[in-house]
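Below is one structure, written out as structure tokens; comments come after it.
Here is how names work: the chains are called A, B, and so on, in the same order as the sequence lines, proteins then strands, and each is numbered from 1. When reading the values below, keep in mind they use all heavy atoms of this one structure, side chains included, and skip hydrogens, waters and symmetry mates.
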2 protein chains.
Amino acid sequence: MSQHPLRIQIEEIVTLSDAEFDRVLAHFQEKTFKKHQIVLHQGDYASFDFFVVKGLMRVSRVDPDGKEHILQFGMENWWITDAEAFHRQTKSTLTVDCLEDTKTLSLTLENKEKLSKEMPKMQTFFLKKTTNGYIALQKRILCFLSSNANDRYHNLLSLYPGLMQRVPKAMIASYLGVTRETLSRLTKVES
Amino acid sequence: MSQHPLRIQIEEIVTLSDAEFDRVLAHFQEKTFKKHQIVLHQGDYASFDFFVVKGLMRVSRVDPDGKEHILQFGMENWWITDAEAFHRQTKSTLTVDCLEDTKTLSLTLENKEKLSKEMPKMQTFFLKKTTNGYIALQKRILCFLSSNANDRYHNLLSLYPGLMQRVPKAMIASYLGVTRETLSRLTKVES
DNA sequence: TCAAATCATTGACAAATGTCCTGTGAAGGC
DNA sequence: GCCTTCACAGGACATTTGTCAATGATTTGA
């Protein structure tokens, strides 16, 4: 009997009874999106934090020169949104869209805070997840500080081996902060 | 009548009675350090998260080539530690040291969790602070993705105007991920 | 006070990366 | 099935950044 992926993730941090998990789940809305569908437009309010049940999303920004920068990918069991716009209820400076058909559980800020308040366990869960996210971002920054593009690429490879099969190399390059030409040269030298 | 800086910071997020704040404060230890003193050595366990009352600290790593990379500065009212080592109770991969004589309030992980558990307000505070930190790191990453060294420098200038007067330019360069020579050339073109 | 260490700047050159371009398959829409 | 787009590799050249070395100014400490 397989458990719900969200429950599995929560129970890595705190334990829940069946009734408690049902109560948690009631705060989410299921939303599905098509490949290429834009889920959050730059300039709109970020109404939801998305837990990816199935599929692949990304958060990106196009700068004034028209260049696209990918801040984050979100595969199964990842949380994804414009964190600033969501938590501060301001207009988004980022775009969230789908690289594959995607099924999500969506949480409003209101429901997140309600959950946190009514179930301290859930606040503990959110705190732990956010702390882990913070640590991951620190590592990515250290990678920018101390590694060249080649090392960053191999670091990404080992961190998310499945990603390469699911997204074009140009997007990997964008995530790494280099042009696709540069990435192409790096992967060439390998052989 | 001036309030305690920690209380001011907490009360930006949740309100506390005098008794509650006293109870919070009892979980901290006051620690002072001399300029150049190393507070956390690479390889040691990160016993504390430091709230900087007065002074200036930094978190850095020296890579295998001997190059030093600065992950974070910590001025007054900042929290600073090796987040991963602290929260996972593992050996630190980073160094924390003081750029000035520094007075801190130090919190162990045990006390942090105790506070979070016994005072839900404090967990709310920690969650909000961590979320804000997460957002700040995302912005720094976007800066690496979309800005050249010059723009990153000016972004840092506007973000922390006081920092330039307190730390040598070589450290600013290290924080920005460029060599001091490069930074020197960038600031030269200004005039 | 003087010597040593630190800090910033600059030049010459090398290496890494960006930009612009072409060509070639493969994948997707009608 | 055909046509358009997309994905990727690669070349030629420009720009940015790193590396190494030298210099002078400032600060630090005995």
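- Residues passing the salt bridge (charged side-chain N to carboxylate O under 4.0 Å, His left out) test with Glu68(B), sequence neighbours excluded: Arg58(B).
- Leu6(B) and Val52(B) fall into different hydrophobic clusters, where Ile, Leu, Val, Met, Phe, Trp and Tyr are joined by side-chain heavy atoms under 4.5 Å apart, directly or via other members.
- Using a distance-only test at 3.5 Å, with no hydrogens or angles considered, no donor-acceptor pair links the side chain of Thr15(B) to the main chain of Glu11(B).
- On the nucleic acid side, DNA chain C contacts chain B at distances under 4.0 Å to non-hydrogen atoms, with the end points of that region at dC7(C) to dA12(C).
- Applying the salt bridge (Lys or Arg N to Asp or Glu O under 4.0 Å) definition to pairs two or more places apart or across chains, those involving residues 138-155 of chain A are Lys139(A)-Glu84(B).
- Here the side chain of Ser184(A) pairs no donor or acceptor atom with the backbone of Arg180(A) at under 3.5 angstrom.
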Check nucleotides 26-30 of chain D for protein N or O atoms closer than 3.5 Å to its own N or O atoms and list the pairs.
none

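- We find that CZ of Arg152(B) is positioned 11 Å from C1' of dT17(D), with the value rounded to whole Å.
- Taking the screw axis at each terminus of the helix from dT1(C)-dA30(D) to dC30(C)-dG1(D) from five consecutive base pairs, the angle between the two is 60° to within rounding of 10 degrees.
- Within 6.0 Å of the NZ atom in Lys103(A), the count of heavy atoms belonging to other residues, nucleotides or ligands does not exceed 12.
- For Thr179(B) and dG18(D), the shortest distance from a side-chain N or O to OP1 or OP2 is below 4.0 Å.
- The list of side chain to side chain donor-acceptor pair (under 3.5 Å) pairs with a residue in residues 123-138 of chain A, not counting sequence neighbours, reads Gln123(A)-Thr124(B), Thr124(A)-Gln123(B), Asn132(A)-Arg88(B), Tyr134(A)-Gln138(A).
- If you check residues 59-71 of chain B against DNA chain C, you find no residue with a heavy atom closer than 4.0 Å.
- Between the CD atom in Glu110(B) and the CD atom in Gln89(B) there is a gap of 9.0 Å [rounded to 0.5 Å].
- Screening residues 93-113 of chain A for ring-ring contact (aromatic ring centres under 6.0 Å, His included) gives no qualifying pairs among residues at least two apart or on separate chains.
- At a threshold of 4.0 Å, the pair Asp18(B)-Arg7(B) counts as salt-bridged, since one of the basic side-chain nitrogens sits closer than that to a carboxylate oxygen.
- The stretch residues 96-103 of chain B has no heavy atom under 4.0 Å from DNA chain D, so no residue of it qualifies as close.
- For residues 155-173 of chain B, the pairs satisfying side chain to side chain donor-acceptor pair (under 3.5 Å) are Glu76(B)-Arg166(B), Glu100(B)-Arg166(B), with sequence neighbours left out.
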Which letters describe nucleotides 4-16 of chain D, given B = protein heavy atom under 4.0 Å from base, S = only from sugar-phosphate, - = neither?
---SSBBBB----
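- In this structure a side-chain-to-backbone donor-acceptor pair under 3.5 Å is missing from Asp49(A) to Phe86(A).
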For residues 32-47 of chain B, which side-chain donor-acceptor pairs fall under 3.5 Å, sequence neighbours excluded?
from     : atom 1 : to       : atom 2 : distance (Å)
Gln37(B) : OE1    : Lys34(B) : N      : 2.8

